[in-house]
Amino acid sequence: MDMRWGLIPSWFKNDDPSKMQFNTSNCRSDTMLKKSSYKGALLKGKRCVVLADGFYEWQQQQSGGKQPYFIYFPQTKDAVAEEKEGDEEWRGWRLLTMAGIFDCWEPPAGGEMLYTYTIITVDASKDVSFIHHRQHGALALTVVSPRMPAILDGDEAIRKWLDFAEVPTQEAIKLIQPTENIVFHPVSTFVNNVRNNAPECIAPIELGAKKEVKATPSSKTMLNWLKNSQEGSPQKKENDLPRWTSQFIHSPSPKKTSANILQQWLGKEGEPAAKKHKA
């Protein structure tokens, strides 16, 4: 269902959710049972899975700039295979399945319920930690404590995380671990502008040459998928969207929406929308 990124706890008393005084887009796994913003929702079983093509990290360069990298699940050949007639299984790009916590907030003065979520983060895996290091000759200095989204790898992990009735909190949080089952490649700094939303944001480049590379099978698959998804229309067609077979992921849209609250959040109608986080 539709949710706003940036958790607003149910106990928040202000009429304006934008008045939250701290950022709740990400939630550290080591403190999520200590922070009041997340603890209540987590203990009540409000666990969700956030879907994304991938996520970005930036590596500090010796020249002073930052090189973006796109990080995602390894892709197989059937990721670009044409869907067979009557086949209900999605065979497109394998989306990242990130563990999250959600909550339901109702304005104190009354109004529509607003659903919001946060993405849980863990210590970065070995490969992702590499991106967080800045090179100085033969030395590599860590510039920040590396973190990454908590990724649920596989249907069983997803099922357990979402099955709050049968899997208690203490058992579920054991699933929150760094994963090594990811790949990455450098992308153009085109992605640094939040207004840019095009295939160039994830297309692999060759550092120094700024051109497409064919370094890995996963990168080849991603390029083929991008090419196929652009044919006919710049936007994905309805039947090109993921159709999940898992009952734990697929659910109908809720009857109530939080459109009015979101409109207040983003500003008056006609004004430019607020800057969006890239997931």
Side-chain angles (χ1 to χ4, degrees), residues 1 3-14 16-52 54-60 69 71 96-106 114-134 141-154 156-182 184 248 265 275-279:
M1 64 183 301
M3 296 187 187
R4 174 67 164 83
W5 188 8
L7 188 142
I8 305 298
S10 57
W11 47 259
F12 187 66
K13 300 301 182 183
N14 199 301
D16 184 357
S18 66
K19 298 297 183 181
M20 279 285 291
Q21 296 182 351
F22 45 91
N23 191 313
T24 56
S25 296
N26 297 332
C27 164
R28 292 180 61 99
S29 60
D30 53 347
T31 59
M32 61 186 179
L33 282 173
K34 300 175 183 178
K35 301 283 187 178
S36 60
S37 297
Y38 314 119
K39 180 179 179 180
L42 185 57
L43 292 178
K44 291 177 181 177
K46 293 181 178 179
R47 309 193 296 252
C48 63
V49 174
V50 183
L51 306 178
F55 66 97
Y56 298 92
E57 288 292 350
W58 282 260
Q59 184 182 59
Q60 184 71 44
Y69 285 80
I71 305 169
L96 280 183
T97 43
M98 304 179 290
I101 303 170
F102 75 94
D103 210 343
C104 312
W105 175 81
E106 186 175 358
L114 176 66
Y115 287 80
T116 60
Y117 71 94
T118 183
I119 296 174
I120 300 173
T121 65
V122 295
D123 291 333
S125 62
K126 182 179 179 180
D127 285 341
V128 175
S129 295
F130 162 79
I131 298 176
H132 283 268
H133 288 67
R134 178 171 54 197
L141 303 178
T142 303
V143 289
V144 294
S145 177
R147 307 287 295 177
M148 68 180 292
I151 299 170
L152 301 166
D153 190 0
E156 182 63 13
I158 293 170
R159 183 194 67 79
K160 288 183 177 179
W161 179 250
L162 294 180
D163 193 356
F164 67 90
E166 298 295 332
V167 182
T169 302
Q170 291 299 332
E171 186 68 21
I173 60 178
K174 294 178 182 178
L175 300 166
I176 306 303
Q177 301 289 339
T179 180
E180 299 289 344
N181 186 30
I182 51 174
F184 59 86
F248 301 103
W265 186 302
K275 289 185 177 179
K276 299 178 180 177
H277 295 285
K278 284 192 181 294

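Values below: every heavy atom of this structure, side chains too, minus hydrogens, waters and symmetry copies. Throughout, numbering of the chain's residues begins at 1 and tracks the sequence.
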For [X], does the [atom1] atom sit with more than 12 other heavy atoms under 6.0 Å from it, leaving out its own atoms?
X      : atom1 : result
Lys160 : NZ    : no
Glu156 : CD    : yes
Phe164 : CZ    : no

Nearest heavy-atom pair of [X] and [Y]: which atoms, and what distance?
X      : Y      : value
Met148 : Asp123 : CG-O, 3.9 Å
Thr118 : Ser25  : OG1-O, 3.1 Å
Leu7   : Thr24  : O-OG1, 2.7 Å
Ile101 : Cys48  : N-SG, 3.9 Å
Asp103 : Pro9   : OD2-CA, 3.5 Å
Val122 : Ala150 : CG1-CB, 3.9 Å

To the nearest 0.5 Å, how far apart are [atom1] in [X] and [atom2] in [Y]?
X      : Y      : atom1 : atom2 : result
Thr169 : Lys39  : OG1   : NZ    : 11.0 Å
Ile8   : Glu106 : CD1   : CD    : 14.5 Å
Leu175 : Ile151 : CG    : CD1   : 13.5 Å
Lys46  : Ser10  : NZ    : OG    : 5.0 Å
Leu162 : Arg47  : CG    : CZ    : 8.0 Å
Ile71  : Glu57  : CD1   : CD    : 5.0 Å

Taking only residues two or more places apart in sequence or in another chain, which ones pass side-chain contact (heavy atoms from CB on, under 4.5 Å) with Lys174?
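With sequence neighbours excluded, Lys174 shows a side-chain contact (heavy atoms from CB on, under 4.5 Å) to Glu171, given in chain and number order.
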Does any part of the side chain of [Y], heavy atoms only, come nearer than 4.5 Å to the side chain of [X], both counted from C-beta?
X      : Y      : answer
Asp153 : Ile182 : no
Arg147 : Arg28  : yes
Leu96  : Pro149 : no
Leu33  : Ile173 : yes
Val167 : Trp161 : no

| message | Is the ring pair Tyr117/Trp5 parallel, tilted or perpendicular, if the boundaries are 30 and 60 degrees? | response |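 Ring orientation of Tyr117 relative to Trp5: parallel.
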For Ser125 and Glu180, indicate whether the former's side chain and the latter's backbone hold a donor-acceptor pair under 3.5 Å.
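Checking the backbone N and O of Glu180 against the side chain of Ser125, no donor-acceptor pair under 3.5 Å is found.
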Just by distance, do the side chain of Trp105 and the backbone of Phe12 share a donor-acceptor pair under 3.5 Å? yes
For this session: Please determine, by modelled atom types, if Thr179 and Asn181 share a side-chain donor-acceptor pair under 3.5 angstrom.
Result: no
